[in-house]
Amino acid sequence: NWPIPPESFLREQLPEEVPWCVLARPDGAARVLRLIRELRPASRVIFDTVDIAFERWQSHLARADLSPSERTDFELLHRRYRGLETYVASLADRVWVVTGEERDTLARLGICPPEKVAVVPVVYPLMPTPAPWSERRDLLFIGSFAHRPNIEALEYAVAEILPRLA
């Protein structure tokens, strides 16, 4: 859900000179990409995949514990996101992916050539913590539970990782 329609926002707020527009997430990118091209034809567009969503949905189909309706849902999501990501990648000037494997996947599937893709890894430097390990006791998980991979990550952490820390 958008607080205001992105088309209205872009028409009213997009600065006159925008050398680069970085669009993330295929749903939103697909919605505004043509408008950005129309409003600012000189702007270069980068599609930041964040992850390749259609590959993620495809990986869910390998699970043996899916009900028929879940399998249908994942098949639909896989097709939908493959279409969205292919569309946005084809119109973008550059595509950012997190790994070389994702770059190779896009090339292998004919979605975009490797020279159009830049690998931009998500790396966060380690920060010193105020308390030593032995004094820590809590864990905070930040993520949207409307995003199934976050639910699976938390389920995995609770079942596989936390017991090893106890």
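Rounding to the nearest 0.5 Å places CD of E102 at 4.0 Å from CD1 of I52. The distance from atom CD1 of I36 to atom CG of L10, rounded to the nearest 0.5 Å, is 5.0 Å. In this structure, the separation between CH2 on W20 and CD1 on I46 is 5.0 Å, given to the nearest 0.5 Å. A distance of 10.5 Å separates CD of E85 from CZ of R80, quoted to the nearest 0.5 Å. Y81 OH to L76 CG: the interatomic distance, rounded to the nearest 0.5 Å, is 12.0 Å. From F74, atom CZ reaches atom OG of S59 across 8.5 Å, with rounding to the nearest 0.5 Å.
Criterion: ILVMFWY side-chain heavy atoms under 4.5 Å apart, direct or through other members. Under it, L33 and L84 are part of a common hydrophobic cluster. The hydrophobic cluster containing V50 does not contain F47, counting ILVMFWY residues as joined when their side-chain heavy atoms lie under 4.5 angstrom apart, directly or transitively. Y156 and V158 end up in the same hydrophobic cluster when Ile, Leu, Val, Met, Phe, Trp and Tyr side chains are linked at under 4.5 Å. In terms of hydrophobic clustering, with Ile, Leu, Val, Met, Phe, Trp and Tyr side chains grouped at heavy-atom distances under 4.5 Å, W57 and L66 are assigned to a common cluster.
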Got a list of side-chain donor-acceptor pairs under 3.5 Å for residues 108-122, not counting sequence neighbours?
from	atom 1	to	atom 2	distance (Å)
K116	NZ	A89	O	2.6
K116	NZ	S90	O	3.3
K116	NZ	A92	O	2.8

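Using the six-membered ring where Trp is involved, H78 and F54 have ring planes that are perpendicular, over 60° apart on the 30 and 60° scheme.
Across S43 and R37, no two heavy atoms sit closer than the pair O-NH1, 3.2 Å. Shown here for V22 and W96, the closest heavy-atom pair between the two residues is CG1-CZ3, 3.9 Å.
Ion pairing between E7 and R31 holds under the 4.0 Å rule for side-chain N and carboxylate O. For R40 and E16, the salt-bridge test passes: some basic side-chain N is under 4.0 Å from an acidic carboxylate O. Under the 4.0 Å criterion applied to side-chain N and carboxylate O atoms, R71 and D65 are not assigned as salt-bridge partners. Here R25 does not pair with D27 in a salt bridge; the nearest charged N to carboxylate O distance is not below 4.0 Å. At a threshold of 4.0 Å, the pair R11-E38 counts as salt-bridged, since one of the basic side-chain nitrogens sits closer than that to a carboxylate oxygen.
Residues Y87 and R82 bring no donor and acceptor atom of their side chains to less than 3.5 Å of each other.
The shortest distance between side-chain heavy atoms of V45 and L23 falls below 4.5 Å.
The backbone N or O of S67 lies less than 3.5 Å from a partner atom in the side chain of E70, making a donor-acceptor pair.
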